[in-house]
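What you are looking at is a predicted structure, and each value in this text was computed from that prediction instead of being measured. As a basis for the values below, the full set of heavy atoms in this structure was taken, side chains included, without hydrogen atoms, waters or symmetry mates.
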Amino acid sequence: MFAFDIPLTERAVTTDGRYLFPEELCQEEKLNLDDPEWEDVHVVTGALKMFFRELPEPLFPYQTFEEFMTAVKLPDHSERLQNIKNLVQNLPRPNQETMKAMFKHMRKVIEHSHVNRMSAQSLAIVFGPTLLRPEKDFLNMAISTVYQNQLVELILLEHAAVFTSTKDPL
């Protein structure tokens, strides 16, 4: 049996949308990962998606949103891929490493798409708007969502090219 102490805290949201957490913990919850509720993949996926959605800043930082949107719209595939790779490599190291692990995991999910029906496109639709979003909502959100999904799908399909560098093998 696994039991983890997970602190649950109250939080306040600042005017710019960032979260502030109190210094003292309000309560703790014991999680039993042997509980059958954790066997439901939808519960685990929902928790993962909520984790990324609740971050004060998305995995693709706000200030890079427009750059990624511009890159994914490039008509030439190799130029688009190179631009996205460069943008990923210029992200803060924690974002890069988290992104690398997340996309590696999603690639494993895709390997089982014949069973779980989660293709690269399906995962991109589910996680695109969660991992990459603008700081402020704007009028053409539907069009933006299409490009967010395309970016995540491209990174999933080109995982090795995006995350492999000469000094850091996959």
Side-chain angles (χ1 to χ4, degrees), residues 11 13-21 41-170:
R11 63 177 180 242
V13 180
T14 63
T15 55
D16 65 354
R18 304 204 185 275
Y19 294 121
L20 296 176
F21 294 89
V41 69
H42 298 98
V43 171
V44 177
T45 303
L48 182 62
K49 192 173 171 190
M50 186 187 318
F51 168 79
F52 283 107
R53 187 175 46 246
E54 293 290 323
L55 288 173
E57 186 160 310
L59 191 56
F60 293 79
Y62 289 128
Q63 71 268 18
T64 66
F65 180 82
E66 288 301 326
E67 292 173 288
F68 276 106
M69 291 295 95
T70 300
V72 79
K73 294 175 188 177
L74 292 170
D76 180 67
H77 179 76
S78 58
E79 185 181 356
R80 181 171 54 243
L81 182 59
Q82 188 58 51
N83 273 268
I84 291 168
K85 179 178 181 169
N86 290 343
L87 287 168
V88 168
Q89 289 180 344
N90 287 322
L91 291 174
R93 194 77 172 146
N95 295 59
Q96 285 180 41
E97 294 301 322
T98 304
M99 194 177 293
K100 186 176 180 179
M102 177 67 174
F103 280 90
K104 183 177 180 182
H105 171 71
M106 287 195 289
R107 292 282 307 158
K108 289 179 183 176
V109 172
I110 293 167
E111 288 173 11
H112 300 282
S113 63
H114 61 285
V115 176
N116 62 30
R117 296 179 298 197
M118 291 305 291
S119 64
Q121 184 179 29
S122 299
L123 283 171
I125 289 168
V126 171
F127 282 97
T130 300
L131 300 176
L132 172 76
R133 61 186 183 274
E135 190 164 12
K136 303 229 186 281
D137 292 338
F138 49 90
L139 295 176
N140 48 357
M141 286 297 289
I143 294 169
S144 175
T145 301
V146 169
Y147 290 118
Q148 290 163 290
N149 297 349
Q150 286 179 359
L151 175 69
V152 171
E153 184 176 4
L154 178 73
I155 294 173
L156 282 168
L157 295 174
E158 300 287 354
H159 180 271
V162 172
F163 292 105
T164 302
S165 69
T166 53
K167 55 187 175 173
D168 182 30
L170 190 77

Trainee: Write down the atom of I155, the atom of F60, and the distance for their closest heavy-atom approach.
Mentor: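 So the minimum-distance heavy-atom pair works out to CD1-CZ, 3.7 Å.
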Trainee: Which residues pass the side-chain contact (heavy atoms from CB on, under 4.5 Å) test with A101, sequence neighbours left out?
Mentor: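 Per chain and number, A101 pairs via side-chain contact (heavy atoms from CB on, under 4.5 Å) with no residue.
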Trainee: Within a radius of less than 6.0 Å around NZ of K73, do more than 12 heavy atoms belonging to other residues, nucleotides or ligands occur?
Mentor: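 Yes, because the 6.0 Å sphere around NZ of K73 holds more than 12 heavy atoms from other groups.
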Trainee: With side-chain contact (heavy atoms from CB on, under 4.5 Å) as the criterion, how do L123 and I110 come out once you've worked through the C-alpha distance, each side chain's angles and the decisive distance to 0.1 Å?
Mentor: CA-CA 8 Å; L123 283 171; I110 293 167; 3.5 Å; yes
Trainee: Output all residues satisfying side-chain contact (heavy atoms from CB on, under 4.5 Å) with R80, sequence neighbours left out; order by chain, then residue number.
Mentor: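 With sequence neighbours excluded, R80 shows a side-chain contact (heavy atoms from CB on, under 4.5 Å) to V72, L74, H77, I84, L154, given in chain and number order.
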Trainee: In chain order, what residues pass the ring-ring contact (aromatic ring centres under 6.0 Å, His included) check against F127, with sequence neighbours excluded?
Mentor: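 For F127, no residue satisfies ring-ring contact (aromatic ring centres under 6.0 Å, His included) once neighbours in sequence are set aside.
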Trainee: Heavy atoms only: give me the nearest P94-T98 pair and the separation to one decimal.
Mentor: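 Minimum heavy-atom separation between P94 and T98: O-OG1, 2.8 Å.
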Trainee: For L157, enumerate each residue passing the side-chain contact (heavy atoms from CB on, under 4.5 Å) test, keeping only those at least two apart in sequence or located in another chain.
Mentor: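 Only A120, E153 meet the side-chain contact (heavy atoms from CB on, under 4.5 Å) criterion with L157.
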Trainee: Y147 and M69: which non-hydrogen atoms are nearest, and at how many Å?
Mentor: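 That closest heavy-atom pairing would be CB-SD, 3.6 Å.
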Trainee: Quick check: closest heavy atoms across S113 and N116, and the distance to 0.1 Å?
Mentor: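 So the minimum-distance heavy-atom pair works out to CA-OD1, 3.0 Å.
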Trainee: With rounding to the nearest 0.5 angstrom, report the CE to OG1 distance, M118 to T45.
Mentor: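 Between atom CE of M118 and atom OG1 of T45 there are 7.5 Å.
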Trainee: Write down the atom of N83, the atom of A71, and the distance for their closest heavy-atom approach.
Mentor: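 Where N83 meets A71 most closely, the heavy atoms are CB-CB, 3.8 Å.
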Trainee: What distance separates M102 CE from M99 CE, expressed to the nearest 0.5 Å?
Mentor: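 If I round to the nearest 0.5 Å, the distance is 10.5 Å.
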Trainee: Please name the pair of heavy atoms, one in H159 and one in F103, separated by the smallest distance, quoted to 0.1 Å.
Mentor: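 So the two residues come closest at CD2-CB, 3.6 Å.
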Trainee: In Å and rounded to the nearest 0.5 Å, what is the CG to CG distance from N149 to L132?
Mentor: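 Output value for this atom pair is 9.5 Å.
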Trainee: Does anything in residues 117-128 form a side-chain hydrogen bond (donor to acceptor under 3.5 Å, both in side chains)? List the pairs, not counting sequence neighbours.
Mentor: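 Residue pairs passing side-chain hydrogen bond (donor to acceptor under 3.5 Å, both in side chains), neighbours aside: S119-S122.
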Trainee: Answer yes or no: is there a side-chain heavy-atom contact under 4.5 Å between H105 and V109?
Mentor: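 Yes - at least one pair of side-chain heavy atoms lies under 4.5 Å apart.
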Trainee: Of all residues at least two apart in sequence or in a different chain, which pass the side-chain contact (heavy atoms from CB on, under 4.5 Å) check with T130?
Mentor: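 Once residues adjacent in sequence are excluded, the partners of T130 under the side-chain contact (heavy atoms from CB on, under 4.5 Å) criterion are K49, F52, R53.
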Trainee: Would you check if the side chain of Q148 reaches a backbone N or O of T145 as a donor-acceptor pair within less than 3.5 Å?
Mentor: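 It does hold such a pair.
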Trainee: Let me confirm one number: the OG1-CD distance from T164 to Q89, rounded to the nearest 0.5 Å.
Mentor: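 That separation rounds to 9.5 Å.
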Trainee: How long is the straight-line distance from NZ of K104 back to CG of L156, given to the nearest 0.5 Å?
Mentor: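 Result: 14.5 Å between the selected atoms.
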Trainee: Under 4.5 Å between any side-chain heavy atoms of F65 and P58, yes or no?
Mentor: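 Heavy-atom side-chain distance check fails, nothing below 4.5 Å.
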Trainee: To the nearest 0.5 Å, what is the distance between CD on E158 and OG on S78?
Mentor: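 Rounded to the nearest 0.5 Å, the CD-OG separation comes to 10.5 Å.
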